[in-house]
Amino acid sequence: MKICCKAPGKIIWFGEHFVVKGIPAVASSVDLYVRTYVEPCKDGKIRFWSKSLEKGFVYGEKEPDEELLPFKRILDLISERYGSLPNMKITIDSDIPISYGLGSSAASSISFAAAVLKYIGVEPMPELVKELSMEAEKIVHGKPSGIDTAISLHGSFIYYLGPHDIRPLNARWNEEYTLLVIGTGITRSTGLVVKKVLERYERFPNIMNKIYEAASEISATAKTLMINGEWDRVGELMNINHGLLVSIGVAIPETERIIHNSLRLGALGAKISGAGMGGIVIVLLRKKNRDTIINGVASLSNEIIEVKPGIPGLECSVKD
Ligand code: MEV
């Protein structure tokens with residue numbers, strides 16, 4: 001038997017960072033995936049291998065490298081709950097660049113947890129997978145809001161009010177538009193960036209409070225515009241939201257150059273998505289302007305990916 005579970009990456013359209021303090025956020029899945037395969041292991045061990053990190057470990061033997069600890073944590077939790085694990089070979093493969101803000105760690109832990117559960121005969125129900133993934137996310141991010149896990153699990157578009165209030169958002173995506181994910185080439189730890197923002201909040205609570213209120217209005221307005229399919233206006237809101245991200249301190253020259261050039265060349269909206277201080281910029285545009293914009297920012301990024309938003313979340317298949 002071979003199990004394959006795939007979970008998509010995500011982008012945050014509105015509300016990153018603000019969501020950590022309970023402000024609503026809007027996110028969608030994108031068609032980049034992490035896939036975990038589980039099959040019998042001939043030597044009787046539990047072997048894990050990450051193709052993208054080119055590293056692995058044998059469970060129960062020596063402590064894995066730090067980057068692999070979230071996977072070990074999930075195996076520990078599953079075996080605590082369901083008893084000792086059978087032999088298995090677990091392989092994980094990802095299209096999602098790591099530490100960019102595309103939710104690679106959440107998609108990895110979701111596909112990993114679901115595939116291992118399915119292999120041992122436990123149905124990977126959303127609540128259970130979410131709980132395991134969140135435990136793994138705490139190792140990676142310290143204080144995750146849970147939005148990455150929620151969107152990778154549920155897919156589509158969501159309006160996120162907290163781990164226990166995730167509302168599907170019936171956005172009317174329009175194929176006349178497209179979305180670019182543009183990498184800055186600079187990776188950073190989400191946990192550290194979140195910490196810096198929270199420190200600024202503590203230094204200027206009255207000012208930051210107003211910025212957070214504005215972010216809340218932006219998410220609420222964006223929700224309505226997306227449901228109505230008003231994508232030009234969504235683009236304008238992305239630009240306003242980016243202004244707030246600049247003021248909380250997560251913009252860097254590399255993100256700003258990409259954003260200003262995209263807008264100058266006709267993009268409707270451009271903003272940091274995810275933690276910032278590097279990572280990615282998302283750009284909303286009409287398809288007819290795609291080549292102009294891609295050519296115009298090509299010298300600023302080695303990673304320009306056109307993505308489709310709103311695809312399904314976690315999916316598993318079994319081959320006998
Ligand atoms: C990271 O993708 C989004 C942040 O808001 C952190 C979080 O929500 O856990 C920056």
Side-chain angles (χ1 to χ4, degrees), residues 7-30 32 34 70 94 96-110 130-131 133-155 157-167 179 181-184 186-202 208 211-212 214-216 218-219 222 238 241-252 255 271-282 305 307 309 313:
K10 68 94 192 17
I11 54 165
I12 299 183
W13 288 76
F14 298 99
E16 51 276 272
H17 286 292
F18 308 113
V19 69
V20 173
K21 281 200 160 294
I23 299 295
V26 176
S28 77
S29 54
V30 292
L32 298 169
V34 176
S94 174
I96 310 176
I98 295 169
S99 296
Y100 249 36
L102 282 165
S104 72
S105 65
S108 299
S109 58
I110 285 174
K130 181 171 97 179
E131 191 191 323
S133 162
M134 281 299 282
E135 286 302 316
E137 282 286 275
K138 281 183 200 156
I139 298 179
V140 185
H141 293 325
K143 196 177 181 300
S145 67
I147 190 168
D148 291 13
T149 298
I151 189 63
S152 183
L153 194 55
H154 297 283
F157 284 77
I158 59 167
Y159 191 63
Y160 184 86
L161 288 138
H164 304 294
D165 196 352
I166 300 157
R167 304 188 187 168
L179 195 69
V181 169
I182 305 184
T184 56
I186 298 167
T187 57
R188 75 289 165 280
S189 143
T190 298
L192 283 183
V193 185
V194 168
K195 187 163 166 276
K196 269 177 131 21
V197 172
L198 293 174
E199 284 165 3
R200 179 171 285 190
Y201 192 100
E202 293 310 319
M208 292 292 268
I211 298 173
Y212 278 58
S216 179
I218 291 175
S219 288
M238 288 166 71
N241 191 150
H242 183 69
L244 303 188
L245 291 170
V246 173
S247 59
I248 64 170
V250 300
I252 57 169
T255 53
K271 66 180 278 290
I272 285 172
S273 175
M277 288 205 161
I280 53 162
V281 163
I282 56 169
I305 315 172
V307 292

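Hydrogens, waters and symmetry mates are skipped; everything else that's a heavy atom, side chains included, is used. For ligands, and for the atoms within them, numbers begin at 1 and follow the listed sequence. Quick note: residue numbers are just sequence positions, from 1.
Considering both main-chain and side-chain atoms, D148 comes within under 3.5 Å of ligand 1 through a nitrogen or oxygen pair.
For the atom pair OG of S29 and NE2 of H154, the computed distance is 11.5 Å after rounding to the nearest 0.5 Å. Between the CD1 atom in I305 and the CG atom in L32 there is a gap of 5.5 Å [rounded to 0.5 Å].
Here is the list of ligand 1 atoms found below 4.0 Å of a heavy atom in P144: 9 (O). Within ligand 1, the atoms closer than 4.0 Å to a non-hydrogen atom of E16 are 5 (O), numbered from 1 in the order shown. Within the listing of ligand 1, atoms 8 (O) sit less than 4.0 angstrom from a heavy atom of I147. Residue V19 approaches ligand 1 through these ligand atoms, each under 4.0 Å from one of its heavy atoms: 5 (O), 8 (O).
With respect to the salt-bridge test (charged N to carboxylate O, under 4.0 angstrom), the residues K138 and E135 qualify.
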For this session: Decide side-chain contact (heavy atoms from CB on, under 4.5 Å) for E202 and L198; before the verdict, give the C-alpha distance in whole Å, the side-chain angles of both, and the deciding distance to 0.1 Å.
Result: CA-CA 6 Å; E202 293 310 319; L198 293 174; 5.7 Å; no
Exercise. Given the rule in the side-chain contact (heavy atoms from CB on, under 4.5 Å) test, do F14 and L244 qualify, once you have shown the distances and angles that lead to the verdict?
Worked result: CA-CA 11 Å; F14 298 99; L244 303 188; over 6 Å; no
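Residue H17 holds the heavy atom nearest to atom 5 (O) of ligand 1 of all those in M277, K10, H17, K21.
For atom 3 (C) of ligand 1, the closest heavy atom belonging to the protein is I12 CD1, 3.6 Å. In terms of protein heavy atoms, atom 8 (O) of ligand 1 is closest to S145 OG, 2.6 Å. Nearest protein neighbour of atom 6 (C) of ligand 1, counting heavy atoms only, is V194 CG2, 3.8 Å.
Panel note: side chain S152, backbone T149; no donor-acceptor pair is recorded below 3.5 Å.
Heavy-atom minimum distance, M208 versus V197: CE-O, 4.1 Å.
Assignment of A275 to the shell around ligand 1 is supported, since a heavy atom sits closer than 4.0 Å.
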